[in-house]
Amino acid sequence: LLIADVAAPALAIGLAIGRLGCQLAGDGDYGVPTDLPWGMWFPQVDRVPLARHPSQLYQFALEGLALFALLWWYSSKPRPAGAVSGAFLLGYGVFRFLAEFGRQPDDFLGLLTLGLSMGQWLSLPMILGGIAFLAWAHHKR
């Protein structure tokens with residue numbers, strides 16, 4: 001648990017690098033159409049210019065930079081073993097859930113029950129697991 005706690009902030013940086021790489025390579029998770037001024041055209045997806053949310057950049061900022069900053073701050077004080085790992089799971093799940101609102105759902109799935117995407121449904125166990133892990137770490141203290 002102590003190794004996982006030490007590694008958690010670095011994992012957030014790894015996620016940031018991966019998301020930035022996806023954006024630069026033009027891979028995968030494109031955003032939903034938008035009229036916001038920072039919308040981007042992805043010619044790999046749309047033949048005619050259509051502004052879309054830069055969902056990879058949202059994930060870079062939230063799951064990478066913001067999560068790293070929060071974990072760095074949280075881990076700067078003594079915490080029970082497993083608490084930082086629980087905070088990572090909780091933070092990653094919450095930030096991923098939020099970023100999914102700007103992401104185009106998979107064509108073959110679309111939106112699922114309650115209007116949530118598969119990414120949001122997969123984030124819920126991380127959120128619940130993070131809460132449980134944090135509670136367990138602080139309870140065993």
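Residues take their numbers from the sequence shown, with the count starting at 1. Quick caveat, the model's predicted, so the values are computed rather than measured.
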hydrophobic_cluster_shared for [Y] and [X], side chain cutoff 4.5 Å:
X	Y	answer
Leu111	Tyr58	no
Leu89	Ile131	yes
Leu90	Ile13	no
Leu112	Leu122	yes
Leu124	Leu98	yes

I'd like to know if the side chain of [X] reaches the main chain of [Y], judged simply by a donor and an acceptor atom lying under 3.5 Å from each other, with no hydrogens or angles considered.
X	Y	answer
Asp5	Ser85	yes
Trp41	Asp46	yes
Glu63	Phe60	no
Ser55	Gly102	no
Trp73	Phe68	no
Gln120	Phe97	yes

For the residue pair [X] and [Y], what are the closest heavy atoms and their distance?
X	Y	answer
Gly82	Ala137	C-CB, 3.9 Å
Leu2	Ala81	CD2-CB, 3.9 Å
Gly64	Ala16	CA-CB, 3.5 Å
Gly26	Gln44	CA-NE2, 3.1 Å
Leu134	Gly86	CG-C, 3.9 Å
Gln56	Cys22	NE2-O, 3.9 Å

Using a 4.5 Å cut-off on heavy atoms from C-beta on, say whether the side chain of [Y] contacts that of [X].
X	Y	result
Leu57	Leu20	yes
Ser117	Trp121	no
Leu1	Phe133	yes

To the closest 0.5 Å, what do you measure between [atom1] ([X]) and [atom2] ([Y])?
X	Y	atom1	atom2	result
Leu70	Leu62	CG	CG	10.0 Å
Leu67	Tyr92	CG	OH	9.5 Å
Arg103	Asp29	CZ	CG	3.5 Å
Leu50	Phe42	CG	CZ	10.5 Å
Glu100	Phe95	CD	CZ	14.5 Å
Leu65	Leu15	CG	CG	11.0 Å

> Would the number of heavy atoms belonging to other residues, nucleotides or ligands and lying under 6.0 Å from CG of Leu24 be above 12?
Replying inline: yes

> side chain to side chain contact (heavy atoms under 4.5 Å, CB included) between Met40 and His53: does it pass, once the steps are laid out?
Replying inline: CA-CA 6 Å; Met40 299 178 69; His53 282 284; over 6 Å; no

> Do the numbers put Arg79 on top of the ring of Tyr74, so that NZ or CZ is under 6.0 Å from the six-membered ring centre and no more than 45° off the axis?
Replying inline: yes

